[in-house]
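The structure presented is a predicted model; accordingly, all values stated were derived computationally and were not measured. Computation of the quantities below employed the complete heavy-atom set of this structure, encompassing side-chain atoms and omitting hydrogens, waters and symmetry-equivalent molecules. Here is how names work: the chains are called A, B, and so on, in the same order as the sequence lines, proteins then strands, and each is numbered from 1.
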Amino acid sequence: MKVQQHDGSIVEMDKKSPESLEVLNHSTSHLLAEAIQQLYPDALFGFGPAIENGFYYDIDFKSPIVEQDLIKIEKKMHELASKDEKIIRQSLTKSQALEVFKDNPYKLELIRDINEDITIFTQGNFIDLCRGPHILSTGQIKHFKLLSIAGAYWRGDSKNKQLCRIYGTSWWSEEDLKNYLNLIEERKKRDHRLLGKQLDLFMLSEYGPGFPFWLPNGMILREAIEEYWKQQHFKYHYVVVKTPIMLSKELWEISGHWSHYKDNMYTTKIDDREFAIKPMNCPGGILVYKNSLHSYKDLPIRMAELGLVHRHEASGALNGLFRVRAFTQDDAHIFCREDQLVDEISTLLNFYEEMYSVFGLDYYIVLSTRPEEGYIGDIKIWNKSEAILKEACEKSGKEFKINPGDGAFYGPKLDFKLKDSMNRVWQCGTIQLDMNLPERFDCFYIDSDGEKKRPIMLHRACLGSIERFIGILIEHYGGAFPAWLAPVQVNLLPVNNAYHLAYAQEIYDLLRARHIRVSLDDGNDKLGYRMRNSQVKKIPFTIVLGDHERDDRTLTYRRFGSNEQITVSIDDFVTLIEEEIKEKKQNIEVAKSAQ
RNA sequence: GCCUUCUUAGCUCAAUUGGCAGAGCAACUGAUUUGUAAUCAGUAGGUUGUUGGUUCGAUUCCGAUAGAAGGCACCA
């Protein structure tokens, strides 16, 4: 395929490349605008770029359109595309451009801000201010779909007016389009809010927007993760603390959170003293550090806390477990000497690698370095720690990127981006160096020369928010959890209650005595019905017990996602499931095909 | 917070132009005793999110309010 670029040159592009899809999507957004211009002549156009797997166009309609209208617009787009109009690039002077777009205040605003060559792309009688690149004619646009309508601020600024944004997606083949639409469907089916309801994991109430309730099933999942979290922290020589949920305003003034975030903090006045519910755990952790005097020999101190924090998020930001107002950070604060930083960082990378691989989550790391301006702390420490972080990432062998200048004002950081089973990326873990709080709180240790020294402070969270992480896991596994996480691990189905219930009860007691989460379905329903319920709940092992099994003292199990029926002795089954739980075995393949 | 849309039984959804609020699943009762994804019959279940208005009459039309969805803005 051929692509015309901003400078007018025409280049050849491979249709398999992501760049070519970007061009196609961008051209499709123009086609959308062309269709809208014909259907709604008084609509004004804003921005219309390509995005990942699609495109959008921001439009100021005189009267709002509804989802239904997309069908009509899509039809018009196909009609226009079938004309195979040439997309013609033209370069204009600023004054020419201002004349062409004199009726569109949005484009005029953009033109005034452009300092380079101004180009327009024209198809039929639709003209758009655009850098390109674009395909050569609209006939190549065949496999697309308009997806949704949303509001979006002009130029991404909440002070501006909101325009109507139409999202769509465009592909080179019908098959690619179908695959993408299927993926969207699959993501909808796996929505953690839906599965959370179906599997009774958590609930939300209008009486506490953004404050999730954990139901018994979800609590099992959560405690399994927290239990693993504890083991992992023991292994890596952490100490664990719990700091108060509410602390006085003065503390937040010292930490600096009050001036920055007081609008997002829950506050209260008690006995004429102002308090705030903690939005972060760090100040509490620092108070614990300062509770005793530390020798250089005590360092590093690795202090972990599953800390419940509250943040008053904007109502429109709330989203299931992904964005809540009360959540638990798997937080830790590490106080160390400068000479210990190398070891600490590389140990942390091992720690993270273990935590993520248990859940079958691949990831990459992003290093954010010192901002150009407004940073605090010694530039030598900045440079040294950035070098240490970079080297540790390189040594880990993991994919990693650098975001120059994207660090916080108080230190460089590593972010861990997790890839789930549906090719989505989630930022979860973070490791941040902090040169600010130790200073503000005057943290120190006594060095070998008897002098007070400032420790280096690392903030780190691996899963991020437990709530959000569980939301991610629900979707990652499609609700089909591996045995170690599953709320119910084994479901027992006696074929006939009259003859097999006693044997089923015996196995139930035996498994339960070994702390296996087992349920016994002795309902008066047919086996097929109970089997279906067991599969709907995505229970890892469903066991059928009938004459055969009772007489031979065996059991027949079926794994979730498989039709295979396997008969084994009771002992063999216990060994099998105990191994699987102990090793935290993955079932991503099962999860991928889970409905 | 902003734009658009939505809110009907525990869940998923119906209800012609404003005219007696219905179904499936789940629950409960009874029958059935079942060999791998839904056995049959019956019963009960609702101030249509809340609130104010228009109307002889409102689930339906209008306003307010709460919550939710898709986005935007925000995300220490």
Base, sugar-phosphate, or nothing: which does [X] touch, judged by heavy atoms less than 4.0 Å apart?
| X | result |
| --- | --- |
| G316(A) | base |
| E549(A) | base |
| D157(A) | nothing |
| K159(A) | nothing |
| A152(A) | sugar-phosphate |
| G156(A) | sugar-phosphate |
| N563(A) | nothing |

Item to check | Aromatic contact, F55(A) with F144(A) (centres under 6.0 Å) | outcome: no

Candidates [options] - which lies nearest the side chain of [X]:
| X | options | result |
| --- | --- | --- |
| M280(A) | rA69(B), rA76(B), rG71(B) | rA76(B) |
| Y529(A) | rG70(B), rC11(B), rA38(B) | rA38(B) |
| R193(A) | rA69(B), rC74(B), rU34(B) | rA69(B) |
| L527(A) | rG35(B), rC74(B), rU39(B) | rG35(B) |
| Y167(A) | rG71(B), rA37(B), rA76(B) | rG71(B) |
| R532(A) | rA37(B), rC72(B), rC74(B) | rA37(B) |
| Y153(A) | rU33(B), rC72(B), rG70(B) | rC72(B) |
| A314(A) | rU36(B), rG70(B), rG1(B) | rG1(B) |
| T556(A) | rC75(B), rG35(B), rA37(B) | rG35(B) |
| M531(A) | rU33(B), rA37(B), rG35(B) | rA37(B) |

Euclidean distance, atom [atom1] of residue [X] to atom [atom2] of [N] [Å, nearest integer]:
| X | N | atom1 | atom2 | result |
| --- | --- | --- | --- | --- |
| L147(A) | rG71(B) | CG | C1' | 12 Å |
| D60(A) | rC3(B) | CG | P | 14 Å |
| L146(A) | rG70(B) | CG | P | 19 Å |
| H548(A) | rU36(B) | NE2 | P | 12 Å |
| K188(A) | rA69(B) | NZ | P | 14 Å |
| K62(A) | rC3(B) | NZ | P | 17 Å |
| D521(A) | rG35(B) | CG | P | 15 Å |
| Q68(A) | rU4(B) | CD | C1' | 15 Å |

Taking NZ, NE, NH1 and NH2 as the nitrogens, is one of them in [X] or [Y] under 4.0 Å from a carboxylate oxygen of the other?
| X | Y | answer |
| --- | --- | --- |
| R193(A) | D191(A) | yes |
| R155(A) | D113(A) | yes |
| K161(A) | E109(A) | no |
| D442(A) | R454(A) | yes |

Quantified in whole Å, what is the [atom1] atom distance between nucleotide [N] and nucleotide [M]?
| N | M | atom1 | result |
| --- | --- | --- | --- |
| rA64(B) | rC2(B) | P | 12 Å |
| rC3(B) | rG63(B) | P | 14 Å |
| rG1(B) | rU48(B) | P | 27 Å |
| rU47(B) | rG70(B) | C1' | 32 Å |
| rA14(B) | rA23(B) | C1' | 7 Å |
| rG57(B) | rC74(B) | P | 50 Å |
| rU59(B) | rA26(B) | P | 30 Å |
| rU51(B) | rG67(B) | C1' | 15 Å |

Item to check | Strand-adjacent residues in residues 206-216 of chain A, judged by heavy atoms under 4.0 Å from RNA chain B | outcome: E206(A), P209(A)

Within the structure, does a side-chain N or O atom of [X] lie under 4.0 Å from either OP1 or OP2 of [N]?
| X | N | answer |
| --- | --- | --- |
| S315(A) | rG1(B) | yes |
| N524(A) | rU32(B) | no |
| K278(A) | rA76(B) | no |
| R558(A) | rG35(B) | no |

Item to check | Step-by-step side-chain hydrogen bond (donor to acceptor under 3.5 Å, both in side chains) determination, E467(A) to T328(A) | outcome: CA-CA 7 Å; E467(A) 284 73 6; T328(A) 307; 3.2 Å; yes

Next on the checklist: Does the Lys NZ or Arg CZ of R370(A) fall within the cation-pi geometry relative to Y375(A) - under 6.0 Å from the ring centre and within 45° of the axis?
Outcome noted: yes

Checklist entry - With a distance cut-off below 6.0 Å to the six-membered ring centre and an angular limit of 45° from the axis, does K401(A) pair with Y364(A) as a cation-pi contact? => result yes

Pairing donors with acceptors under 3.5 angstrom, does anything connect the side chains of [X] and [Y]?
| X | Y | answer |
| --- | --- | --- |
| Y557(A) | R559(A) | no |
| E549(A) | T556(A) | yes |
| T542(A) | N491(A) | no |
| Y410(A) | E439(A) | no |

Checklist entry - Want to settle it: does L204(A) or Y410(A) sit nearer the 5' end of RNA chain B, counting the closest nucleotide to each? => result L204(A)

Next on the checklist: If you assign V495(A) and Q162(A) each to the RNA chain B nucleotide with the nearest heavy atom, which residue ends up on the more 5' nucleotide?
Outcome noted: Q162(A)

Checklist entry - Any donor-acceptor pair under 3.5 Å joining the side chain of R311(A) to the base of rC74(B)? => result no

Item to check | Contiguous Watson-Crick or G-U pair runs (3 or more, under 3.5 Å) in RNA chain B | outcome: B:1-7 with B:66-72, B:10-13 with B:22-25, B:27-31 with B:39-43, B:49-53 with B:61-65

Next on the checklist: Main chain of L463(A), side chain of D330(A): is a donor-acceptor contact present, judged purely on distance under 3.5 Å?
Outcome noted: yes

